[in-house]
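Note sheet for the following structure.
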2 protein chains.
Amino acid sequence: MRVRLEDVARATGVSPKTVSRVLNEEPSVKESTRQRVLAAMEQMNYRPSPAARGLAGSRSFLVAMLYDNNDNPASTYLAEIQDGVLEACNANRYSMMVCPLRTRVQDFIRRVDALVADHHIDGVIVTPPLTDNTALLRRLKEHGVPHASISPLRHEGTIGVCMDEQQAAKALVGELVKLGHRRIAHILGIADHGASRWRLAGYKEALAEAGLPFNPDYVVQGQFTFGSGVLAARELFLRSTLPTAIFAANDDMAAGVMWAANERGLKVPRDLSVCGFDDTPLATQLWPPLTTVRQPSREMGKLATQQLMEVLRGRGEGLLLQVPYSLQMRESTGAPPPAAI
Amino acid sequence: MRVRLEDVARATGVSPKTVSRVLNEEPSVKESTRQRVLAAMEQMNYRPSPAARGLAGSRSFLVAMLYDNNDNPASTYLAEIQDGVLEACNANRYSMMVCPLRTRVQDFIRRVDALVADHHIDGVIVTPPLTDNTALLRRLKEHGVPHASISPLRHEGTIGVCMDEQQAAKALVGELVKLGHRRIAHILGIADHGASRWRLAGYKEALAEAGLPFNPDYVVQGQFTFGSGVLAARELFLRSTLPTAIFAANDDMAAGVMWAANERGLKVPRDLSVCGFDDTPLATQLWPPLTTVRQPSREMGKLATQQLMEVLRGRGEGLLLQVPYSLQMRESTGAPPPAAI
DNA sequence: CTGCAATTTGACAGCGCTGTCATTTCTGCC
DNA sequence: GGCAGAAATGACAGCGCTGTCAAATTGCAG
């Protein structure tokens, strides 16, 4: 029926344990033996049973991807990350489970316990904003489960992948300045998300560098959602002097700004320049196409997972990689209206 | 260390096998015994080991969600379905794996074999367009793995969930007719997808019912993607007499149509009415908001999974449920330009 | 009460693999 | 050529649960 490790052992003329050693890439197997075993595995189409491995051994070959189910970042962002994580998992013969967490629910840490205890998870991929949830991270540590983070707020002692979002935001706002804008507003993301902080910091930095004043009236709170972008824009439109450009902390909110601009009869970019952050598919589907910062989410999921794999395979400590950003200057930004200068 | 089934047995004063029976909801356990066991499980916080259950028993408590990775429908659509599937799985103490399949690759059926053989998958959720992939379905049958489908083309002998898309499309196009449109174009989805067929059929039916001629020049091929919507619209704009309304087979293509309309300086809905299908988040983020048909994807994922569970639990055959559609008449549709009548 | 079938419970092996520790085989070197 | 030590391999138990089948218990008609 099923080809078992024992069958491979018999076919090769070695003990099951030796086959197990080959399977797990353990040292101290003679090269010639390893080759014979590998050949037999290949020839017999041997596929180890994850259940048996999980039961007998200390590893489950399972990785969980955790994400926040309340303050859900755009689903496209998570979908892309998931895709990358999955690819890296499969390439390393690991399986992936997805695990939405409702951090607002007091009990959410129990879900993590259950996940780790039930499935014997080997490692975890943590996505924003969970990357900065101390209760979660502490619990993972207690369980002894290693994790890799995607865009974590704190960089020390963390592995995974990040992007210099502050620099990117600064560069983006710098471009607005170059276009001639002097009154640039910003829509914040959810308060304690790293993304919000960095993007705000980059915004401030760019203003300072351009010698422009930081005007608190031009900074309004958003929630990373489309709807919050609409509301924030409406609020900005109440200012006695309108901004000539709005930098929203992500694309969804930028889309909301453009929607609100349409609602108010403002033409983008003639009357108002708009830019976002992330370069989700939405960015190029809007009219006019949205100026934004490309964040290679899929790649980031993959890289973070690869770093986790390094740890799981005991090949090292794992690194916090930094991926490059790239500005996507598109048609939603342009020179400010002449009257405004 | 870990609470095992044996520990619960000892605490209750019964044999491990009896505890196992309670765990698996098997019949022929005295009610009083069941209660005592359940109480002990609860009190000791017993959590069965999936690995051990999978190894010893015939069930793995694992469900796989399959999706096509070439002709990828909008990721938001899949993300919503996944969310629903996951919810239903968790509610039934099942775990879910996601499994992208590249059907264009000759070898894709091997991936299915591997999935089923390795993980001993109990059941499968199949999403469009895999729902109609005969090679896949045959293979699942050979493996004896039951599946539930989401929006399958063929309804006979299938369980899962569907929507009367043809009726929905007919109703939607009917609304365009009511608004006064006489020249209504349609952008097709990928040829052999059920969604494409039904939506085209509904379009034709509505035309017939309104006594309008079916004009092949007004039906162009799309691929369900935003970009293909742009191309299709540009093609329609080459017609000597422009259509006054375009019904795209999904929202992404409809967004493409609106983009192309902007590009050509056509104002929606003044010069052109546009509508789509699915009611993805995109629909309300466009300007003007898109008229479309709401498809409750998340709910559909959940319902299909529940039907699968019925089968897995041996409680019946499972049904093919039908969920209701609902028209979302928004601002992308309006009366045709007076000159065009 | 007894006998027999139906109900409820338990003993035991084994699912396919890995951890531990013992054993064998191979080195290099005096 | 023989020996210590390293390298390679194997024997065996057992991970936590369920399937099979046998045993004990119960219910009920006669």
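So you know, we letter chains A, B, ... as the sequences are listed, proteins then strands, and number each from 1.
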OP1 or OP2 of [N] versus the side-chain N and O atoms of [X]: is any pair under 4.0 Å?
| X | N | answer |
| --- | --- | --- |
| B:Ser20 | D:dC17 | no |
| A:Ser15 | D:dG10 | yes |
| B:Thr33 | C:dT9 | yes |
| B:Arg4 | D:dC17 | no |

Inset, instruction - Could you tell me whether the side chain of A:Arg21 has a donor or acceptor atom within less than 3.5 Å of a complementary atom in the base of C:dG19? - result: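 Between C:dG19 and A:Arg21, which were checked side chain against base, a qualifying N/O pair under 3.5 Å is absent.
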What nucleic acid atoms does [X] come within less than 4.0 Å of, heavy atoms only: base, sugar-phosphate, or nothing?
| X | answer |
| --- | --- |
| A:Ser28 | base |
| B:Thr18 | sugar-phosphate |
| B:Pro48 | sugar-phosphate |
| B:Lys17 | base |

Inset, instruction - Five pairs at each end of the helix from C:dC1-D:dG30 to C:dC30-D:dG1: take the axis at both ends and give me the angle between them to 10°. - result: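 Angle reported: 30°, given to the nearest ten degrees.
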Legend entry - Non-hydrogen atoms of B:Ser95 and A:His119 that approach each other most closely: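 Heavy atoms of B:Ser95 and A:His119 come nearest at OG-CE1, 3.0 Å.
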Inset, instruction - Answer yes or no for B:Arg53 and B:Phe61: cation-pi contact, defined as NZ/CZ to six-membered ring centre under 6.0 Å and angle to ring axis within 45°. - result: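 Pair B:Arg53/B:Phe61 counts as cation-pi.
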Inset, instruction - Report the nucleotide, chosen from D:dT9, C:dG16, C:dT18, that has the shortest atom-to-atom distance to any side-chain atom of A:Leu23. - result: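 Looking only at side-chain atoms, A:Leu23 lies closest to C:dT18.
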Legend entry - Options C:dG16, D:dT9, C:dG10, nucleotide nearest the side-chain atoms of A:Val29: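 Out of C:dG16, D:dT9, C:dG10, the nucleotide with an atom closest to A:Val29's side chain is D:dT9.
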